[in-house]
Protein chains: 2
Amino acid sequence: MPNEDKPPPEPLASAPGFLLSWNGQRIARKFAEAIEPLGLRPPHFGVLTLIDASPGSAKRELVERSMIDASTMVAVIDDLEERGLAERRPDPADRRRRAVYLTPQGRRALERGRKAAIATAKDVFGPLDERELATFVRLMRKIAGAD
Amino acid sequence: MPNEDKPPPEPLASAPGFLLSWNGQRIARKFAEAIEPLGLRPPHFGVLTLIDASPGSAKRELVERSMIDASTMVAVIDDLEERGLAERRPDPADRRRRAVYLTPQGRRALERGRKAAIATAKDVFGPLDERELATFVRLMRKIAGAD
DNA sequence: TATTGTTATACTCTATAACTATA
DNA sequence: TATAGTTATAGAGTATAACAATA
């Protein structure tokens, strides 16, 4: 994408919605670049995080907690399994269900991804002081309906 | 996208970068839906805005002020021209150059798009009071490097 | 030789719908 | 009949690289 690091032009840069979308795209792209050397793309990292938070989740549960649809989720879990980062285990109580777990390698990859996320955030949110960053998070959670 | 309006799951919802990306995607999608009845997609609206701000811009100048690459920009201007919203005029001083202008129809479409943007922002930023919204814009401009 | 604009093509990502197995 | 999972396919959106015209 051209001009990724250039400030957005007026009058768009005055519109709150445009600013939100622009900065969102920017950090998403930067994060994607940061984890590319790990062989991961953002959906991989997101799903690793969700599995870690609820080990043994079924695919359907992961879909419910994400913005990833069912068929894409299959592909993401396939990728993770191929790379030895996660594994599906059959559920004896319901043989349709396949519980998903992280491998030790998966946990290491997640840790590396987290470091990349922190580094990216440090870069993008660098212009804000600590207090402003806290305010930012509070407002973003409010907008997201997380509180 | 599934779960578009559901809050993001923890622990992702505590990460500033993830929040920014999530909310950015959410408002971009909502805005795209809002202008779809106008026959416009977000890049169309963005370029209409840029042309309006600098009538007679060349394609290359529009590329410089946006995150849209050259070949996509051609397609966007083609679309706008087909729909009678913009027109290319040859530049007598430099016959390689084609200056782009809005038509009266284009100005009307831009106005409708602006109303959609305002309505979308009202929806997404609804949880914030006026003072919080002002703070949000200030912080976002800082992050974007717009100040 | 550099620059503007364009076209043709390929690629990435995601979504839709049909299918299998189990409940 | 409903649900979990999967696969095959198609689509939108974007980027890459080659090309034509003019400076």
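Values reported hereafter were calculated over all heavy atoms of this structure, with side chains retained and with hydrogens, waters and symmetry mates removed. Reminder, nothing fancy here: chain letters follow the sequence lines and each chain counts from 1. Small disclaimer: the values here were computed from a predicted structure and weren't measured.
Here the nucleotide nearest the side chain of Lys59(A), chosen from dA15(D), dT6(D), dT6(C), is dT6(D). Closest to the side chain of Val74(B), from the set dA15(C), dT7(C), dT6(D), is dT7(C). The listed nucleotides are dG5(D), dT7(D), dG5(C); the one nearest the side chain of Ala58(A) is dG5(D).
Of the listed residues (Arg138(A), Lys142(A), Arg141(A)), just one forms a side-chain hydrogen bond (donor to acceptor under 3.5 Å, both in side chains) with Asp147(A), and that residue is Arg141(A).
Salt bridge annotation for Glu111(A)-Arg114(A): present, with a cationic side-chain nitrogen under 4.0 angstrom from a carboxylate oxygen. The existence of a salt bridge linking Glu64(B) and Lys6(A) is excluded, since no basic side-chain nitrogen approaches an acidic carboxylate oxygen closer than 4.0 Å. Salt bridge absent: Arg29(B) and Asp5(B) never bring a charged side-chain N and a carboxylate O closer than 4.0 Å.
Going from atom CD of Gln25(A) over to atom P of dC13(C) covers 14 Å, rounded to whole Å. The CZ-C1' distance, from Arg96(B) to dT22(D), rounds to 6 Å in whole Å. With rounding to whole Å, Met73(A) atom CE is found 17 Å from dT16(C) atom C1'. Atom-to-atom, CG of Asp91(A) to P of dT22(C) comes out at 13 Å; the value is rounded to the nearest Å. Asp69(A) places its CG atom 13 Å from the C1' atom of dG11(D), with the value rounded to the nearest Å. Between Arg41(A) atom CZ and dC11(C) atom C1' there is a gap of 12 Å when expressed in whole angstrom units. Rounded to whole Å, the distance from CZ on Arg98(A) to P on dT7(D) is 9 Å. Distance Leu40(B) CG to dG13(D) P: 13 Å, rounded to the nearest Å.
At the phosphate of dA4(D), OP1 or OP2 sits under 4.0 Å from a side-chain N or O atom of Arg60(A). OP1 or OP2 of dA23(D) has at least one side-chain nitrogen or oxygen of Arg95(B) nearer than 4.0 Å. Contact annotation: Arg88(B) reaches the phosphate of dT6(C) (side-chain N/O to OP1 or OP2, under 4.0 Å).
Judged by distance alone, with hydrogens and angles left aside, Ser71(B) brings a side-chain donor or acceptor within reach of the base of dT16(D), the pair sitting under 3.5 Å.
Of the two residues contacting DNA chain D, namely Arg97(A) and Ala75(A), the nearest-nucleotide position lying further toward the 5' end is that of Arg97(A).
Residues satisfying the side chain to side chain contact (heavy atoms under 4.5 Å, CB included) test with Glu61(A), not counting sequence neighbours, are Ser57(A), Ala58(A), Arg65(A), Arg97(A).
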